[in-house]
There are 2 protein chains.
Amino acid sequence: MCQDDLVSDVWQRPERRSDALTKARIVEAAITILNAGGADALTFRALAADLSTGAGALYHHVANKGELLSAAAAEMMAEVLADAGSTDPATSIRALTAGVFDEITAHPWLGSQLVAAPWQPAVLQLFDRIGSEVTALGVPEAAQFDAASALVHYILGVASQYDASQHLDQADADRPGFIASSTSPLVGPDSERYPFLVRIEQQLVEHDDRQQFYAGIEIILTGIAALRDTERDSAVGGVQRQEHPCEQLHARTDNRH
Amino acid sequence: MCQDDLVSDVWQRPERRSDALTKARIVEAAITILNAGGADALTFRALAADLSTGAGALYHHVANKGELLSAAAAEMMAEVLADAGSTDPATSIRALTAGVFDEITAHPWLGSQLVAAPWQPAVLQLFDRIGSEVTALGVPEAAQFDAASALVHYILGVASQYDASQHLDQADADRPGFIASSTSPLVGPDSERYPFLVRIEQQLVEHDDRQQFYAGIEIILTGIAALRDTERDSAVGGVQRQEHPCEQLHARTDNRH
DNA sequence: ACACATGTTGGAACTACGTTCCATACTTCT
DNA sequence: AGAAGTATGGAACGTAGTTCCAACATGTGT
């Protein structure tokens with residue numbers, strides 16, 4: 001179908017006319033639409049119109065909408081990760097994660113996309129970068145994967161809940177407004193359903209999402225630091241899975257069901 | 001439009017014929033479809049067919065598909081949270097989170113739905129329950145919100161990446177297969193793009209998702225335990241935001257950009 | 001009992017979007 | 001120049017969420 005990096009031909013794609021459609025141009029135009037109008041604004045028709053072409057032509061460069069979104073997210077992630085860098089691993093992780101947070105808050109579609117398709121390139125980039133920093137942090141090899149996984153999944157969880165602008169209309173049928181900043185202060189039937197949330201209601205409405213995100217990162221970094229200090233009784237040799245060192249910190253009880 | 005819990009009338013809805021459409025029946029049927037065929041199988045037409053009615057009739061009880069999915073997820077979450085309970089808070093948290101993980105792996109649509117709409121009822125239930133357990137854990141009040149938030153967001157992040165069965169076809173255009181169990185062992189161009197992932201490749205293919213999920217929970221619990229032990233220099237009085245105690249564990253450097 | 005008001009039902013129709021198809025045009029190789 | 005293969009773009013298809021509306025059931029007031 002379309003020419004990709006993996007074509008077995010030795011034949012290089014010739015340069016056609018200057019306004020030729022390329023995956024790069026399409027993805028760039030897609031990002032422009034996404035940043036301007038959000039995820040709903042990106043349609044193949046709108047994209048084709050912006051590129052002065054037809055919808056069908058796009059399919060010679062992009063397999064489907066999912067690939068288009070993955071590519072767009074990957075490009076955004078690459079830019080974020082390119083900026084953030086430091087000599088100190090912990091500082092790097094803080095800068096990295098803060099950069100991702102900023103990008104997601106600035107462009108909510110990114111958060112939605114990161115959690116829409118599992119293990120897409122953008123997530124792999126993030127995972128790899130965080131894994132490298134975790135390694136530099138001195139975490140023993142057997143725990144590096146778990147440590148990076150915890151950080152990445154936390155970030156993705158935050159990303160998933162952060163496109164608050166839209167989508168919250170559909171969850172409102174049961175609780176119109178809810179913690180919508182100032183409207184309904186979580187009273188009435190919610191008091192019985194959500195005792196904890198009601199108790200910390202003031203923090204709920206007054207808290208800063210960014211500070212809370214940072215706090216979560218610090219919690220996980222603390223936990224990772226403990227991993228590093230508990231290296232003693234873990235075998236150094238081959239890859240030992242099944243029993244992760246962290247499971248020796250707190251004796252786990254059975255919790256299947 | 002439809003009658004809900006919040007009607008101001010004193011008038012109670014009379015019981016019509018026994019096969020009357022109700023939101024409860026609709027949600028139940030939706031869950032059946034979702035569990036059987038996944039998220040794609042749930043259409044208003046299929047749902048209407050199962051209930052021997054028309055699609056239009058459903059809209060008198062459910063505002064839109066988003067509300068339907070939120071309600072279905074909320075019911076699943078309520079069941080999971082009802083089961084898991086213990087006297088020891090840490091044990092409770094482990095049992096709770098493990099239960100949610102099991103439910104998500106058993107019913108992948110749940111994971112997708114939890115991250116599709118932010119702060120939907122199912123997420124609030126989980127947040128509230130975890131918050132209560134965190135409180136019982138002895139975490140100081142000012143840090144309870146952050147601690148619960150970290151756990152919930154981590155779980156949501158895992159949920160987002162766990163419906164691996166589908167959706168990964170669209171991200172495959174660049175890397176056909178990737179870590180798809182055994183097919184493409186992460187070689188070729190990936191070696192340069194993802195140095196960390198390549199290095200831990202063996203763990204990647206051999207690791208147990210469940211064990212890694214547990215490991216993440218333990219990391220966060222360790223970080224939360226540190227929060228509890230660092231209560232000393234935090235004012236006990238009113239709600240102090242802006243500076244979370246955890247931020248005093250590791251001196252944060254500036255990381256805006 | 002009988003009309004009226006109100007809420008319910010269910011099927012058709014509308015709309016939007018992803019995707020496919022195909023005739024046309026373009027570029028390069030021989 | 002002719003052949004071969006790719007790119008283009010617009011029409012057309014299929015699907016799914018949602019809306020519309022006429023027929024119906026239910027309860028109220030007389």
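Order of the sequence lines sets the chain letters (A, B, ...), proteins ahead of strands, with each chain counted from 1.
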Trainee: Sequence neighbours left out, what passes ring-ring contact (aromatic ring centres under 6.0 Å, His included) with A:Phe44? Give chain and number order.
Mentor: A:Tyr59
Trainee: Holding to side chain to side chain contact (heavy atoms under 4.5 Å, CB included), I want the full list of residues that pass it with A:Asp209, two or more places apart in sequence or in another chain.
Mentor: A:Phe101, A:Tyr162, A:His207
Trainee: Determine whether A:Leu124 and B:Arg193 make a side-chain contact, defined as any pair of heavy atoms from C-beta on separated by less than 4.5 Å.
Mentor: no
Trainee: Would you mind reading off the distance between A:Leu21 atom CG and D:dT6 atom P, rounded to a whole angstrom?
Mentor: 17 Å
Trainee: When every nucleotide of nucleotides 15-24 of chain D is labelled 5' to 3' by its protein contacts under 4.0 Å (heavy atoms), B for base, S for sugar-phosphate only, - for none, what sequence of letters results?
Mentor: -BBBBB----
Trainee: For A:Leu68 and C:dT19, what is the distance between atoms CG and C1' respectively, to the nearest whole Å?
Mentor: 14 Å
Trainee: Can a donor-acceptor pair be found, under 3.5 Å and without considering hydrogens, that links the side chain of A:Glu103 to the backbone of A:Gly99?
Mentor: no
Trainee: From NE2 of B:His61 over to C1' of C:dG10, roughly how many Å is that when rounded to an integer?
Mentor: 13 Å
Trainee: Could you state the atom-to-atom distance from CD1 of B:Ile26 to P of C:dT8 in whole Å?
Mentor: 11 Å
Trainee: Between C:dG18 atom C1' and A:Glu67 atom CD, what is the distance in whole Å?
Mentor: 14 Å
Trainee: Expressed as a whole number of angstroms, how long is the span from A:Leu58:CG to C:dT20:P?
Mentor: 13 Å
Trainee: Between A:Phe127 and A:Phe145, is a ring pair (Phe, Tyr, Trp, His ring centres under 6.0 Å) present by the stated rule, with each step listed?
Mentor: CA-CA 9 Å; A:Phe127 206 128; A:Phe145 190 22; 5.8 Å; yes
Trainee: How long is the line joining CG of A:Leu69 and C1' of C:dC17, in whole Å?
Mentor: 13 Å
Trainee: Report the distance from atom CG of A:Asp208 to atom CZ of A:Phe213, rounding to the nearest 0.5 Å.
Mentor: 12.0 Å
Trainee: Please state how far atom CG in A:Leu51 lies from atom C1' in D:dA7, giving the value in whole angstrom units.
Mentor: 14 Å
